[in-house]
Structures are given as C-alpha cells and as structure tokens.
Number of protein chains: 2
Amino acid sequence: MARSAEPSLVLTFLSRMGLAEAETYPLTGRFLKGRLRRAMSDSEKALVESLVESTQRYKEPARLLARGELAEQATLVIEGLVTRTIYQEGRRFIVGLQVPGDFADLNGFALKRLDHDIVTLGNTLVGFVPHARLEQVLADNPEVTRLLWFASLVDAAIHRQWILKLEQLTAPRRVAHIFAELWYRLDLVGLGRREVLRTPLTQVDLADMCGTTAIHMNRALGVLKREGIAEFRRGAVYIPDRRRLEQFAHFHPEYLYGEGGPRNAA
Amino acid sequence: MARSAEPSLVLTFLSRMGLAEAETYPLTGRFLKGRLRRAMSDSEKALVESLVESTQRYKEPARLLARGELAEQATLVIEGLVTRTIYQEGRRFIVGLQVPGDFADLNGFALKRLDHDIVTLGNTLVGFVPHARLEQVLADNPEVTRLLWFASLVDAAIHRQWILKLEQLTAPRRVAHIFAELWYRLDLVGLGRREVLRTPLTQVDLADMCGTTAIHMNRALGVLKREGIAEFRRGAVYIPDRRRLEQFAHFHPEYLYGEGGPRNAA
DNA sequence: CGTTCCCTTGAGTAGTTTCAATACTTGTGG
DNA sequence: CCACAAGTATTGAAACTACTCAAGGGAACG
C-alpha cells in the first residue's frame, strides 16, 4: 500500500511462477491451482502430469462420453470449457461446467458409468487419463488419491451452490451468478482477465444452465445490461464493477475452496 | 413366475440376509446397501463397522456441524434423516438429504470445512467416525477408500439430479420427485414400506428443498392429492400407484446407482 | 385450555413461458 | 461480391406459475 511499486512486483513474480508451472507441467499445471496445488510436492505434480496418456483438441462441440456408457478414462480439461449435460424429452439441461484444470468426469472412475453426458464447448483441449493409471494411484499413493478425491468434492460443492442458486434466485441473478463463478474459477487457475470474460457460451447455453428459456434469458441479460451490471455480447461478458456483480448475484466464493480456506479465498 | 411360491421364498431369504447383516453390523449395516455392499468382503464390512467411535441420538432437530467450522469427524446416518442446509438472508435452503447408510459429511474429511450446515430432522441416530480413522483407511486400504469415494460421488450424482429437477420441473413435480427419490433410497437400504412413506418432514421442509414458498408447496401438494398421485399428511406420504408417481415426477432411478448398475437398478 | 407449530385459503402482484414474428451474424457457394 | 442458410439474438402479447400479504383453521403439547 505504502510503496506503490510493490504490488505490481509481487504480481509479476506470481505470474512468472505461474508461467514456469505451465511450462513444467503443460497439461496439468492448472490442476488444483489456486487450491491445494501450492501444497503439492514436485514429485506429486510430476506424477499427476504423467497420468495423462494423450491429448485431443476439439474445435467443434463434441460429446466425449455419453450417459450410461462405460467410462475407461478420465478427461482433464486443459483449455476451453466442458459441460455436464443431460438430454431429456427433447430438451437439454446443463448441470455442471468445468474449466481448465478440472477433471470433467473423475466420477467415472469410481462410478464406472455416468448419469450425464460430457460435452465440450467451443475450442477445447483435453487430456485423457486411463483409469488403470488412477487405479495405480489409488493403490500406491494415498496423498494424490486424497487430492483427486478433494477435486471431486469441490465439484460437488459447486453442484450444491447451483442448487442453492436455483432455489433462491431469479433469472437475472442466476446468470449473474454464473458469470461471477466462472470469472472466479478462471482467476483461480490464472485465466482471469480484467473487465471482460471471453467464453464460447451462447444465450441458449446460459438458459440451459439457469433452468430458463432462451427467450427469458435474453430478457434477463437485458436487465443486467440496463442495470450496468454486465453486458453479454456473443460470448463476451463485459463487467464494469465486479463487486456490484457479485453483490447482485449473492455470490460468496467460499464454496469454491480457493486458497486460504473457505473463509477468505482471494 | 411359474411357481408362485418361489418369489416370496426368495424375498424371505433376502430379508433374512438383511436382518443378519443388521445384527452383525448394527451401525454400518446399511452403508452402500443396495449398491456396492454385496461386493464387500466380511473384513471390509468389519473395518467399516469399526470406524464408528461413538453414536448419538437426537430427538430434536440438531445442527451437527456448521458451515465453515473445522470438521474433525464424519457423521454416519443410522436412523432418521439428515439435511444439508444453507441459511442465507434469513431464509433456509435445503441442498441435500441423507438417509440411513449415508455419510452426512464425508466431504468434510478432504475439504476440512463445509460449505453448508449438517442438520438432523426428527428422531435421528448417528455414528461418528473420527477423521484420524479415515486417514488410516486412506493410507492402508485402497479398496475401502474407493468405497468411501464412491459414496461421496453418489451424493454428487444426487446433487446433479436435484439441479436437473429444479431446472426442469414445476413445483408439484418437484415434490413428487422428492417423494419418489426418498422412497427409492429407503428401499435400497431396506427401509421401504408399501404405499406409505413415514417421514419427519414438514411442508416447510419440502418447500425449502424445492425452492418454493411453504404456501405454494401447500398448493402443489393439493395438486398431487387431487390428481391421486400422492397425499401428504403431517409427514406421512400415501402413494396409491408408485409407477404413476414416478412418471409424473420424471423419476429415472439410474442416477442413484442401485444394484445392477445405472441401467436397470431395482 | 391456551400456546405453538403446522397447515389452508383468497386475492393481487411479480416472474416466467409460450407462441409468433423479426433481425442480426457468420460462413458458404455461386 | 451477393445470396442464402443456419445459428443466434430480440421484441410483443397472452397465458401460466409462483410469490407476497393477510387471515384463519387444526392438531399436538404442556
């Protein structure tokens, strides 16, 4: 605060650290970043990196795993977004969203078959981890097992927050919450930008996440724009005042388990 | 089908097995019952039983663990119901429900602090498992670790279904779904009854699970009654035709991972 | 026998869906 | 370069679903 040069130096230093990590662990450098990653040893990080057998890029939306199908590998999101989707009676419902650093279907390891589809959005890079390798981790490495378990529990915490959001908020606040959460999660893994959030999302996607129709979502976004809270234009979200957005959305980031524990995450 | 005596003999045999299990493992006999329990060895069952350090009965609703508090033990539901509850801005939101055989806060083991409260409903018996014992399991027993992980992933699957339900259904169908799910889950652990479901739930509880007001919940229950789908009277749910209830609620039990895999669970 | 908690009903308002119609954007082929 | 198609976004009006405020009824417990 006193010396104006300090904060930016610290930031530079941190972002350099982040960069170095991204170079050493190009595939899994964002796994648990902003959460327990700081507590991981180099050998643990190397082990996790070695779990990825292959990678695949999808330029178009692709269904990586369908509901009920036998899962034989887990999918790590490296770039882009992946949704957990349920198709029912001709409609699509999005029940989860995964960002880089997340496993999209770690639950498939213990559950064998998923209750939902795994679908990429936009331009996405994913890594595949054969279940046999996770089996090895489970047998040999309690600490990394705990980390994987932790990651799947954070997903469950996010699910609970979505339930709360759907129980509590009207459509404009629901989208606002999506924006706030997405921004925060991208920040955690070092992908946050200032004032603008670029996503491959459409208004239909947002509607399917918020349990509203696309038409009503359009009007909800209109409210956010008129109120000066957020403007959505073909995937880009312009947010003039982050604090106002978070307040409007009743967003409290503790449930994301960012660094510093659930109390005062960045 | 051909010999009419056979099915009831089989049922008797199975229920005797269940009874025996309940005697040998009075505390944890319902853990993963109807799911992976059949695949558990006797030594695994004994190990799980030995995890419970103490039990406690609550005749009144009690908050076992508050949001943000450091969790030092996990809570196994033995009798009664336990909710995952979030209090916010003077309102209560229920984001999860646990039945006998479920851990109410297994996530507390890896997460340390919960994002929600754990609250008992009605007359409830719970068992406490110190985290230190789970630590031992994680270090020594990959197979039981996998079972615990599995259990927490089933909870996450139920969360996703609640999200779907909130996105998709109107209030009458939401409660109907609660009833259908609850009945099915009680069945899995051997607590299902014919035609009537006795619960400690009030209309306010149901409202807080469905994201509606108590008043609207009352009207939604009125619809179910008029349609002859279910009648709710002070916690007792009378269901004349289970199939009709499930159809009305769009209930598809695969997500509960009952025996036989996600495709054709009982 | 009254207090408390739980449930019920009515009327007006707010939020959301549906149906219908129109426009913008992007990419493609002529 | 234009025309066209497909996906995406926008607007209006009527119908439906849910919320709020207000009042009252019923069962259970001391």
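Note that these values count all heavy atoms, side chains included, but never hydrogens, waters or copies made by symmetry. In what follows, chains carry the letters A, B, and so on, assigned in the order in which the sequence lines appear, proteins first and then strands, with residues in each chain numbered from 1.
The distance between atom CG of B/L206 and atom P of C/dT8, rounded to the nearest whole Å, is 12 Å. Per the geometry, CZ belonging to A/R233 stands 17 Å off C1' belonging to C/dT26, to the nearest Å.
Running 5' to 3' along DNA chain D, contacts with non-hydrogen atoms of chain A at under 4.0 Å begin and end at D/dT8 to D/dA13.
You'll find the side chain of A/L70 reaches within 4.5 Å of the side chain of A/R113, heavy atoms only. The side-chain heavy atoms of A/L256 and A/I158, taken from C-beta on, include a pair separated by under 4.5 Å. The shortest distance between side-chain heavy atoms of A/F103 and A/D155 does not fall below 4.5 Å. Looking at B/I239 and B/V196, their side chains never come closer than 4.5 Å, going by heavy atoms from C-beta outward. Side-chain atoms of B/L186 and B/P100, non-hydrogen and from C-beta on, do get closer than 4.5 Å to each other. Put simply, the side chain of B/L221 reaches to within 4.5 Å of the side chain of B/M217, judged on heavy atoms. A/H159 places none of its side-chain heavy atoms less than 4.5 Å from the side chain of A/W162.
Nucleotides C/dC6 and D/dA22, compared at atom P, are 22 Å apart to the nearest Å.
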_I need a per-nucleotide contact map over nucleotides 12-19 of chain C, read 5' to 3'. Cutoff is protein heavy atoms under 4.0 Å; write B for the base, S for backbone only, - otherwise._
---SSBBB
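By the 30° and 60° cut-offs, the orientation of the rings of A/H177 relative to A/F251 is perpendicular.
Minimum interatomic distance between B/R30 and B/I78 (heavy atoms only, all atoms of both residues): NH1-O, 4.1 Å. A/A176 and A/F248 make their closest contact through CB-CD2, 3.7 Å (heavy atoms, listed as atom of the first residue, atom of the second, distance).
Rounded to 10 degrees, the angle between the two end axes of the helix from C/dC7-D/dG24 to C/dG30-D/dC1 is 30°, with five pairs used at each end.
Salt bridge B/D205/B/R92: present, at least one basic N to carboxylate O contact under 4.0 Å.
The shortest distance between the side-chain N/O atoms of B/Q203 and the OP1/OP2 oxygens of C/dC5 is not below 4.0 Å. In this model, the phosphate group of C/dT8 is approached by a side-chain N or O of B/N218 to a distance below 4.0 Å at OP1 or OP2.
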